[in-house]
Amino acid sequence: MHNSISRRAAFSVVAGAAAAAITRPARAAELPSVWTFGDVTVTRVIDMQGPFPAARAFPGAPLEELDANASWLAPYFYDPATKNILFNYQSYVVKTPRHTVVMECGYGNDKVRGSAAANMRKGPYLQNLAAAGVQTDKVDFVLCSHFHTDHVGWNTKMADGRWVPTFAKARYLFNKNELDGLMRGGLGPDPSTKVAYEDSIKPVIDAGNADIIDGAFDIGDGVQVVPMPGHTPGHQTLTINSRGRRAILVGDALHNPIEVMHPEWEVLFDADKEGGKAARKRLVDAHTDVDITVFAAHFGGPTAGKIVSEKGGKRRFKTAAG
Ligand SMILES: [Zn+2]
């Protein structure tokens, strides 16, 4: 199954024409937003995009490494002019022959948040979902890799003055360790996380839409929820294996592709710094030179890629755009 045809098909593009080498920033319409793995598709739906200072994201790291790797990090993942890393906040809609799964729920609208860009936002996410052919009441499962504010926002929406599940008929797969971690304040220093419980987690539980899962969960058709604690205590991923075609949606186990080269860097956003590094290193080691397409929650531009080794044993993230 690991021949060049299946490798190329792993990047098959339903809309757009990203297969050609791109030597300039591609317009959004030129980049893939749908990927196919056997009988399963992954569709990216954007909530928000924004830069973040690399020096804050990677405290103490030798940041000249970002400039040294700008040939593959720019323009989509790093801006050498501003020294910012670039983030997408987005959902991955995974369609199997039987089910529709939404993984990651961005920042959401109308929510009180610490970050100015996210606070009381009025973004077009629901229109973006509709444009991608997703009907909110046809979604079967919702999965947040973890409970940070940039992943749970669209769990709920404001309707008639109260928070209701955005995906009214979906089962929301909440990880038990993540819920426990949130209750004991163990998801990191952001005070908005507690507010997010009230507006994005509790209303789902109160509506009866939450299933608390303790470990792996089989969605069927080769799609599974698999725990990958580290970034947070109950962080979870989604794996796809359909007719031998494989992908993994790794949530925030990776924030920026430079972490593939440097999994040992400390990452500001990890609730458990050492646990985050250890999980990242295991993830990178297990997926280097393997025919598995990797989707990280925040990777923009061409988004999907594979971890490949290069001369000298260095690893990098190789997208369809190069
Ligand atoms: Zn995140």
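All ligand and atom numbering here is 1-based and tracks the order in the structure.
Side chain of Q236 to backbone of C144: a donor-acceptor contact under 3.5 angstrom is found. Put simply, the side chain of N155 never gets that close to the backbone of I201: no donor and acceptor are under 3.5 Å apart.
Note that K202 lies outside the cation-pi zone of W163, set by a 6.0 Å cut-off to the ring centre and a 45° limit from the axis.
Of the N and O atoms on the side chains of H148 and H235, not one donor lies less than 3.5 Å from an acceptor on the other residue.
The 12-atom threshold is exceeded at NZ of K83, counting heavy atoms of other residues, nucleotides or ligands nearer than 6.0 Å.
Checked against the 6.0 Å centroid threshold, F317 and Y76 do not count as a close aromatic pair.
Protein N/O/S atoms closer than 2.8 Å to the Zn ion (ligand 1), listed by chain and residue number, are D150 OD2, H151 NE2, D252 OD2, H298 NE2.
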